[in-house]
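Worksheet: the structure to be examined is printed underneath.
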Amino acid sequence: MDHKAQKYKKLTPMEVIQLVKDSIGIEAVLKYYAGISLENVKGRKTKLISCIFHQERTPSLAITPSKNVFHCFGCHAKGDIITLVSLVKNVSQARAAYILAEDFELLQKAAPKLQTIKAIAEDKELVQAFKQKEKEMAEFLFNYKNQLKCIIKKITKQPGDLDRLEGVYDLISKIDMYLELIWEANNITNPQVRVNNYIVANEFIGEKIYPAIKRN
């Protein structure tokens, strides 16, 4: 096992994710990974720049530094700094969190912050925010599944078309599986299992759905 891998073992994936979100701003992330500075971009709360995920003539990528989020009105890519890096690097969200922690040298400074992170994780406001993220994820997956079904309905005109859509049917099946995980979250008594389910579903979205959206 290499030295970096040993560092990772000191933190759980959720602790790394929280550490990254608490420590890094989206402006620094854009400058580090995309070479884009927002210093001279107009806008008080939201700044519009050319999207880094697709070609365009008019800037459509909205950056909201106060919330550390982005949203493209062209290709519909959106998320936080971890999602941004996962798309730029084409890696899972969990891996993107580790990349951020490593590149911004957070792992070496993690030990003093661990107790604070764990205390925040027990805070009621954070629990409510997490439940809201679960809800938003479920809505996103449900809506995307319905979009796929509409596409299938439009382009299926003869039996042979079904064979060509095997991959789409497989994607829908996996979406149903992750939707079930999220919808059953309230019945899970172990919070770590619930968090892990969310992380796995988030990785699935980053690895399978966002690339499909970008291609279309």
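Along the sequence shown, residues are numbered consecutively beginning with 1.
Hydrophobic clustering places Leu148 together with Ile209 (ILVMFWY residues linked when any side-chain heavy atoms are closer than 4.5 Å, directly or through intermediates). One hydrophobic cluster, built from ILVMFWY side chains closer than 4.5 Å, cannot hold both Leu48 and Leu61; they sit in different ones. If you chain together hydrophobic residues whose side chains sit under 4.5 Å apart, Tyr32 and Val85 fall into the same group. Linking Ile, Leu, Val, Met, Phe, Trp and Tyr residues whenever their side-chain heavy atoms come within less than 4.5 Å leaves Val69 and Ile205 in two separate clusters. Clustering ILVMFWY residues whenever any of their side-chain heavy atoms sit less than 4.5 angstrom apart, transitively, puts Ile199 in the very cluster that holds Val20.
Between Ser86 and Ala96, the shortest heavy-atom distance links the atoms N-CB, 3.6 Å. Residues Ile81 and Gly25 come closest through the heavy atom pair CG2-C, 4.3 Å. Considering every non-hydrogen atom in both Phe53 and Cys75, the closest pair reads CB-SG, 4.1 Å.
Annotation: side chain of Ile152 is in contact with side chain of Ile172 (closest heavy-atom distance under 4.5 Å). Annotation: side chain of Asp22 is in contact with side chain of Gln18 (closest heavy-atom distance under 4.5 Å). By the 4.5 Å heavy-atom criterion applied to side chains, Asn202 and Ile82 are not counted as neighbours. Residues Thr46 and Ile63 form no side-chain contact, since every pair of their non-hydrogen atoms from C-beta on lies 4.5 Å or further apart. Lys31 has its side chain out of reach of Ile36: every pair of non-hydrogen atoms, C-beta onward, lies at least 4.5 Å apart. The closest side-chain heavy-atom distance from Val200 to Tyr178 is below 4.5 Å. The closest side-chain heavy-atom distance from Phe70 to Leu87 is below 4.5 Å. Looking at heavy atoms from C-beta onward, Ile24 lies in side-chain contact with Val29 at the 4.5 angstrom threshold.
Proximity of a side-chain donor or acceptor of Asn143 to a complementary backbone N or O of Glu139 within less than 3.5 Å is detected. Formation of a donor-acceptor pair under 3.5 Å by the Tyr210 side chain with backbone atoms of Lys78 is found in this model. Proximity of a side-chain donor or acceptor of Asn68 to a complementary backbone N or O of Ile26 within less than 3.5 Å is detected. At distances below 3.5 Å, not a single donor-acceptor pair connects side-chain atoms of Thr64 with backbone N or O atoms of Ser66. Looking at Ser173, its side chain never comes within 3.5 Å of a backbone N or O of Tyr169 through a donor-acceptor pair. Checking side-chain atoms of Ser92 against main-chain N and O of Arg95 turns up a donor-acceptor pair under 3.5 Å.
Taking a 6.0 Å sphere around CD of Glu39, one finds it holds 12 or fewer heavy atoms contributed by other residues, nucleotides or ligands. Within a 6.0 Å radius of CD in Glu136, more than 12 heavy atoms belonging to other residues, nucleotides or ligands are found. Residue Asn90 qualifies as open at atom CG: its count of foreign heavy atoms under 6.0 Å is 12 or below.
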- Item | Asp176/Phe142 under side-chain contact (heavy atoms from CB on, under 4.5 Å): CA gap, chis, key distance, verdict | CA-CA 8 Å; Asp176 282 333; Phe142 184 77; over 6 Å; no
- May I have the step-by-step check of side-chain contact (heavy atoms from CB on, under 4.5 Å) for Leu19 and Val16, ending in yes or no? CA-CA 5 Å; Leu19 177 64; Val16 173; 5.6 Å; no
- Query: Passes side-chain contact (heavy atoms from CB on, under 4.5 Å), Met177 versus Phe204? Steps please.
  - Reply: CA-CA 11 Å; Met177 180 185 72; Phe204 166 73; over 6 Å; no
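A distance of 12.0 Å separates CD1 of Ile175 from NZ of Lys208, quoted to the nearest 0.5 Å. Separation of atoms NE2 (His76) and OH (Tyr144) is listed at 11.5 Å; rounding is to 0.5 Å. Once rounded to the nearest 0.5 Å, the distance linking CH2 of Trp183 with CD of Glu134 reads 13.0 Å. Distance check, rounded to the nearest 0.5 Å: OG of Ser60 to NE2 of His54 gives 4.0 Å. Here the CD-OG distance, from Glu105 to Ser23, works out to 12.5 Å after rounding to the nearest 0.5 Å. To the nearest 0.5 angstrom, Lys174 atom NZ is 14.5 Å from Leu179 atom CG.
For residues 44-63, no residue pair satisfies the salt bridge (Lys or Arg N to Asp or Glu O under 4.0 Å) rule, not counting sequence neighbours.
The side chain to side chain contact (heavy atoms under 4.5 Å, CB included) with Asp103 is formed by just one residue from the set Ile99, Leu100, Leu106; it is Ile99.
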